[in-house]
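All residue numbers refer to positions in the sequence shown, counting from 1.
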Amino acid sequence: MENVDTTLDSFFNKSLSSVAKQAGVEDYAKFQNAGYRGMYNMLNVQLARRRGVDKTKLFDTMGRTELAANLFRITQTEERIKSRNVQGQAMLEDTHFCVGREVRKIIQDNAGCGPEELPQEKRLQEVKKTLKKDFKEMKKIDKK
């Protein structure tokens, strides 16, 4: 999962960013947060604070369901902007919020909880650190 946030965010959000820019987004941060507000009932910085991670590392601890939901939110927002010819900051924010809200409902219907309540994964760095420590301990035991 290492650098999942960087890779996915970079790839999918760059495409969404490009479409939003062509449609007249002026403040991309506000547009981006509209999707988080719709899906999580909070801003990305609030979600990051709740999870104890940097807001740029949110994807790094998401499980498969939540990752897929975010990718779906991003791709479907892009599709809706294009298919409905959404234009202007306010309409773009509303579109991203509405798609986020729809994805939230799907998660609630299927998982029985909001996306902010889905189980989180350990960051790969933490897993590697634990494995390395355990390996050293096992080597000591083996030497005895």
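Here the shortest heavy-atom pairing between Y28 and S17 reads CE1-CA, 3.5 Å. Considering all non-hydrogen atoms of both residues, G63 and E121 come closest at CA-CG, 3.8 Å. Considering all non-hydrogen atoms of both residues, K82 and V19 come closest at CG-CG1, 3.9 Å. Listed here is the closest heavy atom pair of L92 and V25: CD1-N, 3.4 Å.
A 4.5 Å side-chain heavy-atom check between M62 and R51 finds at least one atom pair inside the cut-off. In this structure the side chain of R104 reaches within 4.5 angstrom of the side chain of E116, judged on heavy atoms. Here the side chains of F72 and I107 are not in contact, with every heavy-atom distance at 4.5 Å or above. Side chains of Q32 and L43 form no contact here, defined as non-hydrogen atoms less than 4.5 Å apart.
Looking at N33, its side chain does come within 3.5 Å of a backbone N or O of N44 through a donor-acceptor pair. Side-chain atoms of Q120 come within 3.5 Å of backbone atoms of L118 as a donor-acceptor pair (strictly under, hydrogens ignored).
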Pair V103-Q76, side chain to side chain contact (heavy atoms under 4.5 Å, CB included): steps then yes or no: CA-CA 10 Å; V103 173; Q76 295 313 294; 5.9 Å; no

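With respect to the salt-bridge test (charged N to carboxylate O, under 4.0 angstrom), the residues E66 and R73 do not qualify.
Every residue two or more places apart in sequence or in another chain that forms a salt bridge (charged side-chain N to carboxylate O under 4.0 Å, His left out) with D109 is listed here: K105.
Going from atom CG of L16 over to atom CD of E79 covers 10.5 Å, rounded to the nearest 0.5 Å. Note that CE of M42 and CZ of R49 are 10.5 Å apart. Values are rounded to the nearest 0.5 Å. Distance check, rounded to the nearest 0.5 Å: CG of N70 to OG1 of T75 gives 10.5 Å. Within the model, atoms CG of N13 and OG1 of T77 stand 9.5 Å from one another, a figure rounded to the nearest 0.5 Å.
Applying the side-chain hydrogen bond (donor to acceptor under 3.5 Å, both in side chains) rule to pairs touching residues 83-94 yields N85-Q87, Q89-E93, sequence neighbours excluded. Contacts classified as ring pair (Phe, Tyr, Trp, His ring centres under 6.0 Å) and involving residues 94-118 (residues at least two apart or in different chains) are given here: F31-H96.
A single hydrophobic cluster is not seen to contain both F59 and V45; linkage of ILVMFWY side chains at heavy-atom distances under 4.5 Å, directly or through other members, places them apart.
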